[in-house]
Each structure stands twice: as structure tokens, then as C-alpha cells.
Student: 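So that we are looking at the same thing, I have put the structure below in C-alpha cells.
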Amino acid sequence: VVAGLAEKSPWPIEYDVEPVRGIPFARNRSVRMAGDVDFVAFIDDDEVADPLWLDELLAAQRDYGAGIVHGPVINRYEPGTPEWYIKSGVVEQKRFATGSSPRWVCTNNALVRSSLLMRLEGPFHESFALSGGSDVDLFKRLRAMGARNAWADEAVVEELIPTSRATFGWVLRRQFRIGSALTMISKRLDGRIWPFTCIALGVLHICYGGITLPAGLIFGRAGMVKPVARIARGVGMIAGVFGLRHDEYKKTHGK
């Protein structure tokens, strides 16, 4: 397929195989393959980009002079997805005004100045091989070094959510994983205070989820998902302090 496209494309198209399993290994190989370029764009393998995706990312980079530009991910659900899962909004991602600088940046929709990536070893850290979180870790490190990020709300990609993820158990495991991954990131970036910070934030998540859960129960299963997910994230942050984590990406979802 790639060879056929490469014959018709005015630009070189290449692919490679990363023999070591794990998200950061594949991302690092991709960065190395990009070579001497101005920018590297990232998208996930279960997403489809709008035809003007790259144009909008580059336009925002030009307008705001940011080294990191990222945009929205719109969910599309497989037929047969439970209604409570869709209504809960637990996997819906926030959108922001173009030009703003949200706290979180992920590689599911991002453009990064190549010179920033070259400043970091890896640049994605291999300790996040199957747990996820290597992208959040990378962008937090870049922001700590002074890199600026800008949101491009018109640079849209769509993500297909498989029905295998539309379960209460998956939501809880994912939130636990996110919590433990955030603790791993804090351990690498926040010095000696990281255990206390993570335990405190974990307790806050658990308390907030517990307080909002009764109100959520009024709306049935759809209303209780987010509060319980918040509790699971808090438990994950505390568990991460003691070295416990969930390697979510040992299992592949979708077709």
C-alpha cells in the first residue's frame, strides 16, 4: 500500500518497522526517520485527519509563533456503542479557542518544531512503553524548558472509539492508568516533593468523585461514570507512588 502511494505522491512517503514493542519506541523511530525537517506532525493510528489538518496546524504556528501546536479530536462511536457510554462524555476531549495554551498536550493531534525534539534524549521516554503517557511527559518537559504551545481549533482529526472500550471496567482501568502515569511523570519532573504532591492530588480526586457521585446517580449509569472515573484516577495516582501501574497498551482494541 505504501509503495503504491509513494509512486503517485509528489513527496516521499516512507514506513519502517520498530521491532521493540511499545509506544515510545515507535514514536522515537518516527522522529529519527523524519530527519532534517522544520516540523514533525503526530496523529494516532485510529484517527482520520480533516483534509486541511496540516494547513490549519501550520497556520496557527505561523500566527502564534508556537513551537508546539495541537488541535481537537472528535470522537466517532462504532455502531452498538451503549447509549450511557456516549451520554456520559467520559472520553470526550475538551476544545479551546484558537491561540490559547491548554495545560495538556498529546500526540493524537500535534505539530512540533523539530529542533525542540532534538533537545531531548529519546525524545520520548522508554519507561512509558505500555503504560501510555510518554507524550504528556515529553510536552511537560518541553514546556518546562520554555517551549510555548498553541491550540488550533480548526485542525480537526476524528477518532473511532471501538465498542471494546465502551465498558465500565475499561473506563476505570484507563483512569487508574492515567493516574499512575501522571505519578510517573511527577516523579521525573517534580523533585523530592513528588510523593506528597501525588498523594495529595490523588486524595482530592477521590474526594471530588465521592462528593459528586450522589448527584450523578440521579442520571443513572451515564451520570455516575465521571465521578467514579475521577475516583479511579485518584486511586491510580496514589498507587503509582508505591510503584503500581496498569499497562493499558498490552491489549489492542479495535479491528
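Count residues from 1 along the sequence.
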Student: Between CZ of F139 and CG of L116, what distance do you get to the nearest 0.5 Å?
Tutor: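 Reported to 0.5 Å precision, the distance equals 9.5 Å.
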
Student: When you compare the side chains of R27 and T107, does any donor N or O come within less than 3.5 Å of an acceptor on the partner?
Tutor: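 T107 and R27 do have a side-chain donor-acceptor pair below 3.5 Å.
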
Student: Nearest 0.5 Å, what's the CD-CG distance between E56 and D63?
Tutor: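 It is 9.5 Å, given to the nearest 0.5 Å.
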
Student: Backbone N or O of L182 within a donor-acceptor pair of the S186 side chain at under 3.5 Å?
Tutor: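 Looks like no, no N/O pair under 3.5 Å.
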
Student: Could you give the distance from CD1 (I218) to CG (L213), rounded to the nearest 0.5 Å?
Tutor: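 Output value for this atom pair is 10.5 Å.
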
Student: Taking T183 for the side chain and M237 for the main chain, is one N or O donor matched with an acceptor at less than 3.5 Å?
Tutor: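 Yes, T183 side chain to M237 backbone: donor-acceptor pair under 3.5 Å.
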
Student: May I ask you to decide if N149's main-chain N or O and S101's side chain share a donor-acceptor pair within less than 3.5 Å?
Tutor: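 Answer holds: yes.
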
Student: Mind checking the CD1-CG spacing from I23 to N28? Nearest 0.5 Å is all I need.
Tutor: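 I23 CD1 to N28 CG: 12.0 Å, rounded to 0.5 Å.
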
Student: Backbone N or O of I193 within a donor-acceptor pair of the T197 side chain at under 3.5 Å?
Tutor: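 The answer is yes, because a donor-acceptor pair under 3.5 Å joins these two groups.
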
Student: Going by the side-chain hydrogen bond (donor to acceptor under 3.5 Å, both in side chains) test, name the single residue among E159, E47, E158 that passes it with R76.
Tutor: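 That would be E158; it is the only one of E159, E47, E158 passing the side-chain hydrogen bond (donor to acceptor under 3.5 Å, both in side chains) with R76.
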
Student: What distance separates I231 CD1 from Y208 OH, expressed to the nearest 0.5 Å?
Tutor: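 Between atom CD1 of I231 and atom OH of Y208 there are 11.5 Å.
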
Student: Report yes if the side chains of L58 and F39 come closer than 4.5 Å at any heavy-atom pair, otherwise no.
Tutor: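 Touching, per the 4.5 Å side-chain cut-off.
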
Student: After noting the C-alpha distance and the side-chain angles of E248 and R174, does the key distance pass the salt bridge (charged side-chain N to carboxylate O under 4.0 Å, His left out) rule?
Tutor: CA-CA 7 Å; E248 177 183 345; R174 182 175 182 83; 2.6 Å; yes

Student: Are the side chain of W151 and the backbone N or O of F96 linked by a donor-acceptor pair below 3.5 Å?
Tutor: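 Side chain of W151 to backbone of F96, a donor-acceptor pair under 3.5 Å: yes, one is there.
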
Student: Any donor-acceptor pair under 3.5 Å linking the side chain of R148 with the backbone of Y64?
Tutor: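 Checked: pair present.
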
Student: Are V105 and L117 linked, directly or through intermediate hydrophobic residues, by side-chain heavy-atom contacts shorter than 4.5 Å (ILVMFWY only)?
Tutor: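 L117 clusters together with V105.
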
Student: With no hydrogens and no angle check, is any side-chain donor or acceptor of N109 less than 3.5 Å from a backbone partner on P72?
Tutor: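 Judged by distance alone, yes, a pair lies under 3.5 Å.
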
Student: To check you understand the geometry: which heavy-atom pair defines the closest contact between F176 and A239, and what is its length?
Tutor: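 That would be CZ-CB, 3.6 Å.
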
Student: Please confirm whether the backbone N or O of A232 pairs with a side-chain atom of Q175, one donor and one acceptor, at under 3.5 Å?
Tutor: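 Checked: no pair found.
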
Student: Has D153 got a side-chain atom pairing as donor or acceptor with R95's backbone, closer than 3.5 angstrom?
Tutor: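 Checking the backbone N and O of R95 against the side chain of D153, no donor-acceptor pair under 3.5 Å is found.
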
Student: In Å, rounded to the nearest 0.5 Å, how long is the span from NZ of K250 to OG of S131?
Tutor: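 Between atom NZ of K250 and atom OG of S131 there are 10.5 Å.
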
